[in-house]
Number of protein chains: 2
Amino acid sequence: MKQTLAPASDDALKLSAWLPYRLFLVAAQVARPLESFYSETFGLSQAGWRILAVIAERDAANASEIGRACALDPFAVSRGIGQLVELGFAVRRPGKTDRRFAAVSITRSGRTAFNRIAALGSAIEARLLARLSDSERTTLDSALTRLEGESARIDAVGWRALLDDAATP
Amino acid sequence: MKQTLAPASDDALKLSAWLPYRLFLVAAQVARPLESFYSETFGLSQAGWRILAVIAERDAANASEIGRACALDPFAVSRGIGQLVELGFAVRRPGKTDRRFAAVSITRSGRTAFNRIAALGSAIEARLLARLSDSERTTLDSALTRLEGESARIDAVGWRALLDDAATP
DNA sequence: GCATTATACTTGCACATTGCAATTATTTGT
DNA sequence: ACAAATAATTGCAATGTGCAAGTATAATGC
């Protein structure tokens, strides 16, 4: 044999056309400027920003609520809250009825920071949406809702089940 | 004053409705099972998998081509290639004409591994697409193409320009 | 033609992030 | 009251990332 390198098969997955990668690419590219903004300006981490966004709309949240709302594990949530508290952007109090739960609330300066970051976030979103027609926005919105649901299921079942499913259609 | 906590403003950015976050969420959730699969089965990192996918469709690629194709910086590419070589999934040769350039090619066993991972990737994609109608798929495809372009521009201009633009509409 | 500069990539090291075990604090069940 | 369960936190090891410096090669200037 003259060649140890393998030839491409024609039905091969193409990264640049693979839906999850395309979604990731858009998300990652717009996340970068936003991330440099809040990290340079406020010294906030990605987890910190997400948690800030959650407590901005939901007062006295506990850690698991926050984790569920922004897809972070309890460790990351705990550390993120710690960072926000250190920066003076959040306060942590024991829960009213059950004191195992934390009651995390945004502070005034946390709200100010959030508003500044959210302004940039909205500007980014506006630029993206400006590329779409009204009907495309509507379609994208409803499609994304279903994709969110399906991706949660995909995540939940794990790769073994996914391969089994693929084998027995 | 009876309250040190800041009230929510009504036009606030809501994380769960913010387009970039929604895209990220779907991408992250489906990436998780895929990542456990290739890391458990082949000991491959995320960068390793992406590079493998690139060299699976583009033979004798050099490091900067790979980096551009899968959004990795040169360091990550170099290390990812190193990992693939160690696993026997890729070979690194000096470029034909200019020997500063690497010519990275996938090996037979690299191709085998890629095909197995790609099978899972395609199964995941199929499950996502099954939730959409034909016309939704078409719309999503063309919308994503434009979003990719716009997000690249957003990334390129940086946050200062984005805020300036928002201030002067 | 030889020294200088530029390019492509790699490596070493410091630093940050993450994952997981163990810990603390609190509540619930018996 | 004591054991088990639950929410959250912390310490530490492993892992990943960013950047400075290094190597190898090619192009440029004199």
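Residue numbering restarts at 1 for every chain, and letters A, B, ... go by the order of the sequence lines.
- Evaluation of the salt bridge (Lys or Arg N to Asp or Glu O under 4.0 Å) rule for Arg92(A) yields no partner, not counting sequence neighbours.
- To the nearest angstrom, C1' of dT24(C) lies 14 Å from CZ of Arg99(A).
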Contacts table for residues 18-28 of chain A: side-chain donor-acceptor under 3.5 angstrom, sequence neighbours left out:
unit_1: Trp18(A); atom_1: NE1; unit_2: Gly121(B); atom_2: O; d: 3.0
unit_1: Arg22(A); atom_1: NE; unit_2: Glu148(B); atom_2: OE2; d: 2.7
unit_1: Arg22(A); atom_1: NH1; unit_2: Asp141(B); atom_2: OD1; d: 2.6
unit_1: Arg22(A); atom_1: NH2; unit_2: Asp141(B); atom_2: O; d: 3.3
unit_1: Arg22(A); atom_1: NH2; unit_2: Thr145(B); atom_2: OG1; d: 3.0

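- Residue-level contact check: Thr97(B) touches the backbone only, with heavy atoms under 4.0 Å from sugar-phosphate atoms and none from bases.
- A straight line from CD of Glu40(A) to C1' of dG18(D) spans 15 Å, rounded to a whole angstrom.
- Val30(A) has its side chain out of reach of Asp155(B): every pair of non-hydrogen atoms, C-beta onward, lies at least 4.5 Å apart.
- Atom CD of Glu35(A) is separated from atom C1' of dT17(D) by 13 Å (rounded to the nearest Å).
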Protein within reach of the bases, or only the backbone? For nucleotides 4-20 of chain C, mark each nucleotide 5' to 3' as B, S or -, using heavy atoms under 4.0 Å. --BBSSBBBB----BBB

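- Under the rule for a salt bridge (Lys or Arg N to Asp or Glu O under 4.0 Å), Arg79(A) has no partner lying at least two apart in sequence or in another chain.
- Arg68(A) pairs by the salt bridge (Lys or Arg N to Asp or Glu O under 4.0 Å) definition with nothing, not counting sequence neighbours.
- Partners of Glu136(A) under the salt bridge (Lys or Arg N to Asp or Glu O under 4.0 Å) rule, at least two apart in sequence or in another chain, are Arg146(B).
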